[in-house]
Amino acid sequence: MANSELETMPKLGFGLMRLPKKEGSEEIDVEIVKDMVDRFLAAGMRYFDTAYVYGNGDSEKAAREALVERYPREKFCLATKLHAALQCTDEASAKQEFYTSLARTGAGYFDFYLLHAITKDNLHFYNDYHLWDFVAEQKAKGLIRHVGFSFHDSPELLDRILAEHPEVEFVQLQLNYADWRDPRVQAESNYNTVRRHGKYVVVMEPVKGGTLAEPPKPIADLLHRADPKASLASWGIRFAASHEGILTVLSGMSNLEQMEDNLSYMQDFQPLTAAEETTLEQAQAILRKIPQIPCTGCSYCTGGCPKKIPIPDLFKAMNWHLIYGDDAWASEIYEEAMEDKEAGKPSECLHCRACERACPQHLPIPEYLEQCAAVLEKNGK
């Protein structure tokens with residue numbers, strides 16, 4: 001696929017991280033995923049994004065069953081990722097992720113292949129395991145068409161990586177209007193760094209793990225006044241897609257309703273107007289004044305927790321307390337998370353910080369869990 005074709009890639013990508021589950025189960029409902037895939041492709045979209053670690057491989061398997069086995073290979077683009085820091089023990093096991101992903105998906109090759117969730121704390125794995133050279137070798141063999149990486153760190157580190165690896169064609173960044181000028185995420189600075197190097201940007205978390213699809217009431221009211229017909233999620237996705245050099249914007253759609261909503265404004269995408277940009281600047285100002293835990297629900301933190309604490313669920317509950325003041329719903333979310341008999345309470349955190357080392361957002365998770373314990377356990381049944 002030539003770069004001219006990258007420039008004409010449809011602006012909406014199907015993120016396969018938060019796929020629909022069967023009722024009362026953690027098993028992906030592949031039949032619903034098939035319907036979503038059919039609708040997505042029928043609308044002229046073609047970018048699908050998964051990863052080796054999503055759902056312990058279930059996402060890649062679902063991609064095979066719902067997409068790869070049902071459509072000609074040239075009808076879609078498939079992206080997946082290699083995470084050298086979560087489940088690998090050495091160079092061989094890191095490289096094996098690539099071959100396992102090929103087998104799971106049955107795709108034959110990957111249109112886009114990423115080194116996953118790079119930060120200053122895990123970059124050494126990718127360097128020490130010679131993974132930059134490894135993916136270049138797979139590209140030379142025709143098993144990868146485009147090489148990139150996803151990133152969660154500072155613009156200074158991003159600039160250094162891109163200078164050291166000019167062969168990279170794109171970078172996947174967390175980019176949304178809430179994080180745009182957040183000093184912790186530095187989304188705007190990271191975006192500008194990628195563009196300065198002449199690379200494409202794939203956007204992740206355009207609605208910040210669903211937070212911007214259900215924003216605080218002052219923001220929801222503001223956006224509804226500006227455009228009563230527009231969904232709240234549309235503001236986040238269109239904000240991301242309106243920037244230059246965007247290859248595609250990934251939306252982790254979990255049902256057909258979300259798919260239809262996304263397609264309603266992305267099938268014939270129109271960038272934000274000047275008035276809409278002003279509205280989002282007002283929304284950003286409101287957001288900065290609201291305390292919240294900036295968790296996106298990726299669940300990378302849970303795999304290594306010795307107490308099996310359902311961290312993302314607890315943070316979701318805590319945010320309902322912080323953002324909306326809805327203690328009843330916060331308690332419902334907390335109690336549901338605690339229904340698993342193996343789940344540890346937030347007060348049982350050992351402060352081992354395994355979760356913190358895995359978190360792409362660099363959150364002080366043990367400290368947030370202390371807040372959860374003080375509020376959620378006190379209010380729990």
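One-based numbering along the sequence shown.
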Practice task
May I ask you to decide whether Glu276 forms a salt bridge with Arg238, counting only side-chain N to carboxylate O separations under 4.0 Å?
Solution key: yes
Practice task
Using a strict cut-off of less than 4.0 Å between a Lys/Arg side-chain nitrogen and an Asp/Glu carboxylate oxygen, indicate whether Glu167 and Lys199 qualify as a salt bridge.
Solution key: no
Is the [atom1] atom of [X] crowded by more than 12 outside heavy atoms at less than 6.0 Å?
{"X": "Glu23", "atom1": "CD", "result": "no"}
{"X": "Asp221", "atom1": "CG", "result": "yes"}
{"X": "Glu74", "atom1": "CD", "result": "yes"}
{"X": "Lys95", "atom1": "NZ", "result": "yes"}
{"X": "Glu164", "atom1": "CD", "result": "yes"}

Quick check: [Y] with [X] (ring centres under 6.0 Å apart)?
{"X": "Tyr126", "Y": "Phe149", "answer": "no"}
{"X": "His116", "Y": "Tyr300", "answer": "yes"}
{"X": "Tyr191", "Y": "His243", "answer": "yes"}

Any non-hydrogen side-chain atom of [X] less than 4.5 Å from a side-chain atom of [Y]?
{"X": "Asp49", "Y": "Phe14", "value": "no"}
{"X": "Phe151", "Y": "Leu157", "value": "yes"}
{"X": "Ser242", "Y": "Phe269", "value": "yes"}
{"X": "Met36", "Y": "Pro20", "value": "yes"}
{"X": "Phe125", "Y": "Leu115", "value": "no"}
{"X": "His321", "Y": "Gln371", "value": "no"}
{"X": "Lys307", "Y": "Leu350", "value": "yes"}
{"X": "Tyr334", "Y": "Cys372", "value": "no"}

Give every donor-acceptor pair under 3.5 Å between a side-chain atom in residues 277-287 and any protein atom, sequence neighbours left out.
residue : atom : partner : partner atom : Å
Thr278  : OG1  : Ala274  : O            : 3.1
Thr279  : OG1  : Ala275  : O            : 3.2
Gln284  : NE2  : Tyr177  : O            : 3.0

What's the separation between atom [atom1] in [X] and atom [atom2] in [Y], rounded to the nearest 0.5 Å?
{"X": "Asn190", "Y": "Arg195", "atom1": "CG", "atom2": "CZ", "value": "14.0 Å"}
{"X": "Gln172", "Y": "Lys81", "atom1": "CD", "atom2": "NZ", "value": "5.0 Å"}
{"X": "Trp329", "Y": "Trp320", "atom1": "CH2", "atom2": "CH2", "value": "7.5 Å"}
{"X": "Glu91", "Y": "Asp128", "atom1": "CD", "atom2": "CG", "value": "9.0 Å"}
{"X": "Gln87", "Y": "Ser93", "atom1": "CD", "atom2": "OG", "value": "10.0 Å"}
{"X": "Glu156", "Y": "Thr193", "atom1": "CD", "atom2": "OG1", "value": "7.5 Å"}

For [Y], does its backbone N or O pair with a side-chain atom of [X] as donor and acceptor, under 3.5 Å?
{"X": "Arg73", "Y": "Phe76", "value": "yes"}
{"X": "Glu377", "Y": "Ser347", "value": "yes"}
{"X": "Asp111", "Y": "Arg145", "value": "no"}
{"X": "His146", "Y": "Ala79", "value": "no"}

Minimum heavy-atom distance between [X] and [Y], given as atom pair plus value:
{"X": "Arg184", "Y": "Gln361", "result": "NH1-O, 3.0 Å"}
{"X": "Ala66", "Y": "Val33", "result": "CB-CG1, 3.6 Å"}
{"X": "Thr80", "Y": "Ser101", "result": "CG2-CB, 4.1 Å"}
{"X": "Leu114", "Y": "Ser150", "result": "CD2-N, 3.9 Å"}
{"X": "Pro206", "Y": "Asn176", "result": "O-CB, 3.2 Å"}
{"X": "Cys88", "Y": "Glu97", "result": "SG-OE2, 3.1 Å"}

Exercise for the section: On the 0 to 90° scale, with breaks at 30° and 60°, tag the His165-Trp132 ring pair as parallel, tilted or perpendicular. Expected result: parallel
Exercise for the section: Would you please classify the geometry between the Phe134 ring and the Tyr99 ring as parallel, tilted or perpendicular, with 30° and 60° separating the classes? Expected result: perpendicular
Practice task
Kindly determine whether Glu169 and Lys139 satisfy salt bridge (charged side-chain N to carboxylate O under 4.0 Å, His left out), including the steps that lead there.
Solution key: CA-CA 12 Å; Glu169 297 169 79; Lys139 182 179 179 182; 2.9 Å; yes
Handout entry: Side-chain donor-acceptor contact under 3.5 Å, His130 with Glu137
Key = no
Handout entry: Any donor-acceptor N or O pair under 3.5 Å, side chains Thr296, Gln174
Key = no
Problem - Check against salt bridge (charged side-chain N to carboxylate O under 4.0 Å, His left out), Arg357 and Asp121 - result: CA-CA 8 Å; Arg357 290 189 290 273; Asp121 295 323; over 6 Å; no
Handout entry: Qualifying residues under salt bridge (charged side-chain N to carboxylate O under 4.0 Å, His left out), relative to Lys34, sequence neighbours excluded
Key = Glu31
Handout entry: Pro215: side chain to side chain contact (heavy atoms under 4.5 Å, CB included) partners, not counting sequence neighbours
Key = Ile219, Ala220, Leu232
Practice task
For Glu27, check side chain to side chain contact (heavy atoms under 4.5 Å, CB included) against everything at least two apart and list the hits.
Solution key: Lys22, Ser25
Practice task
Would you verify whether the NZ or CZ of Arg46 falls within 45 degrees of the ring axis of Tyr71 while also being under 6.0 Å from that six-membered ring's centre?
Solution key: no
Exercise for the section: Using side chain to side chain donor-acceptor pair (under 3.5 Å) as the criterion, list what pairs up with Ser59, not counting sequence neighbours. Expected result: Thr50
Using distance only, find each side-chain donor-acceptor pair of residues 247-266 under 3.5 Å and give its atom names and separation, not counting sequence neighbours.
residue : atom : partner : partner atom : Å
Thr248  : OG1  : Pro10   : O            : 3.0
Thr248  : OG1  : Lys11   : O            : 3.4
Thr248  : OG1  : Gly13   : N            : 3.2
Ser251  : OG   : Asn262  : OD1          : 2.6
Ser254  : OG   : Arg18   : O            : 2.5
Asn255  : OD1  : Glu257  : N            : 3.2
Asn255  : OD1  : Gln258  : N            : 2.7
Gln258  : OE1  : Ser254  : N            : 2.7
Glu260  : OE1  : Arg39   : NE           : 3.2
Glu260  : OE1  : Arg39   : NH2          : 3.4
Glu260  : OE2  : Arg39   : NE           : 2.8
Asp261  : OD1  : Ser231  : OG           : 3.1
Asp261  : OD2  : Ser231  : OG           : 2.9
Asn262  : ND2  : Tyr265  : OH           : 2.9
Ser264  : OG   : Asp261  : O            : 2.5

